[in-house]
Amino acid sequence: MGYADKVPVQRDLAPDDLIVVTGAGGFIGGALVRYFAEQGYTNLRAVDRKPLPQWYQRVPGAVCLSLDLSEKEHAARAVENAVEVYNLAADMGGMGFIEHFRVECLRSILINTHLIDAAWRAGARRYFFSSSACAYNTDLQKDPNARGLKESDAYPALAERGYGWEKLLSEMFCQEYWCERGLETHIARFHNIFGPRGTWFGGREKAPAAMCRKVIEAQDTGHYDIEIWGDGTQTRSFCYVDDCTYGIDRIMHCDDLIAVPINLGSEELISINDLVSMVEDIAGAKLQRRYDPDAPKGVAGRNSDNTFIRQVLGWEPSTPLRTGMEQTYAWIAEQYADRKAGKRVVED
Ligand code: NAD
């Protein structure tokens, strides 16, 4: 937990070089701004479409701007004088959101298209894009005993409709801005990032947060049952947010990873049924399971193959799922209690 076990990152950055993080009102973007503030960077610009009161976290000292980056002028404003740009902005959510709102997911192409062009015009030194495991060929994900997906498995392409194709095409923009225009770009394919200070209710939340909330709700209401999407045998790996922010930093500052997509995920595979059992165990509760076969459940199995990241960085995300889930559960339990007491909490 934390960054103590991680080697320092070599960066050619002055403490007051301007770092721009987009999607900073959301989960990973917010965590990344905090991470850079903790690393001693003093010139941080945080950008998100949401009005400021709805941001999950606002880091003291960072300049926070509410801009819609699908508008060209806003994208240009966001990256003025930037030395590094981290694009974490996207219209996205858990499986329920990305299966039902494919148009919204596809429209995130506008964000990256304008932002990368603006970063190039502004003379930014580096540009980071947050891609996803949903960019991988879905034909390779039909078995719950998922073999890890390696970077070359994105092609021949058969990405997740909507969200996954947007990621794949935006990756290509990053590669071509490097090849044709010389903007140094870095691309990570995230595998299910989770942790405190993310969406935990409202329809955009991911499985780990949803499980925690459902178990907390059951304990609070005395209705000890839980709805599980699909039959619960589908498998995933989940990567803790501290590993994600550190991994982004390592990937962005690695010369061997210019315009080369790389997995950023854990190899610890778990079924949704076992994830529920883990949360029950953390909470000290036992729930009756109801299965909804018609609910969105995504691919049957998906795992990260970390051979490449181990080889190129000598590091991989290693926070045990159980440790990360304990942190996440504790934070959601706090949020739940605060909401019940009428206090302001992280919104959807
Ligand atoms: P999030 O929804 O918490 O944050 C995304 C933020 O982008 C939101 O705050 C949203 O308001 C903002 N945004 C959306 N449209 C915008 C626009 N037009 N202009 C400005 N801001 C806009 O999501 P997250 O989990 O923090 O994800 C961050 C990035 O990582 C996204 O690109 C996402 O696709 C990618 N990713 C996340 C996961 C995961 O498990 N969380 C997995 C794979 C990829």
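In each ligand, atom 1 is the first atom listed, and ligand 1 is the first ligand listed.
Dense packing is recorded around CZ of Arg11, with more than 12 heavy atoms of other residues, nucleotides or ligands lying under 6.0 Å away.
Pairing each heavy atom of Thr199 with each of Glu205, the nearest pair is O-CB, 3.3 Å.
When only modelled atom types and interatomic distance are considered, Arg236 and Ser266 share no side-chain donor-acceptor pair under 3.5 Å.
Residue-ligand proximity, Lys50 to ligand 1, at heavy-atom distances under 4.0 Å covers atoms 9 (O), 11 (O). In summary, the atoms of ligand 1 found under 4.0 Å from a heavy atom of Ser132, numbered by their order in the structure, are 43 (C), 44 (C). Atom numbering of ligand 1 starts at 1 in the shown order; those under 4.0 Å from a heavy atom of Asp68 are 17 (C), 18 (N), 19 (N). If you number the atoms of ligand 1 from 1 as listed, the ones under 4.0 Å from a heavy atom of Lys167 come out as 31 (C), 32 (O), 33 (C), 34 (O). Heavy-atom proximity to Leu69, at under 4.0 Å, picks out these atoms of ligand 1: 17 (C), 18 (N), 19 (N), 20 (C). Atoms of ligand 1 found under 4.0 Å from any heavy atom of Ile111, numbered from 1 in the order shown, are 15 (N), 16 (C), 17 (C), 18 (N).
Both tests do not hold together for Arg213 against Trp200: distance to the six-membered ring centre under 6.0 Å, angle to the ring axis within 45°.
Evaluated by nearest non-hydrogen atom to atom 14 (C) of ligand 1, the leading choice among Ala89, Ala78, Ala90 is Ala90. In this comparison of Cys105, Ser108, Ser130, the heavy atom closest to atom 32 (O) of ligand 1 sits on Ser130. Among Thr22, Ile98, Asp48, the residue whose heavy atom sits closest to atom 8 (C) of ligand 1 is Asp48.
No donor-acceptor distance shorter than 3.5 angstrom exists from the side chain of Asp231 to the backbone of Asp292, with no hydrogens or angles considered.
Residues Leu257 and Phe308 meet the side-chain proximity criterion, which asks for heavy atoms closer than 4.5 Å. Looking at Leu106 and Tyr163, their side chains never come closer than 4.5 Å, going by heavy atoms from C-beta outward.
For the ligand labelled ligand 1, residue Asn87 lies outside the 4.0 Å heavy-atom shell. The shortest separation from a heavy atom of Trp55 to ligand 1 is not under 4.0 Å, leaving the residue out of contact. Taking a 4.0 Å cut-off on heavy atoms, Ala24 fails to register as neighbouring ligand 1.
In summary, Arg147 and Asp153 engage in a salt bridge, as defined by a charged side-chain N under 4.0 Å from a carboxylate O.
For the side chain to side chain contact (heavy atoms under 4.5 Å, CB included) with Gln141, the qualifying choice from Val299, Leu158, Thr235 is Val299, the only one to do so.
The protein atom (non-hydrogen) at minimum distance from atom 22 (C) of ligand 1 is Arg49 CB, 3.6 Å.
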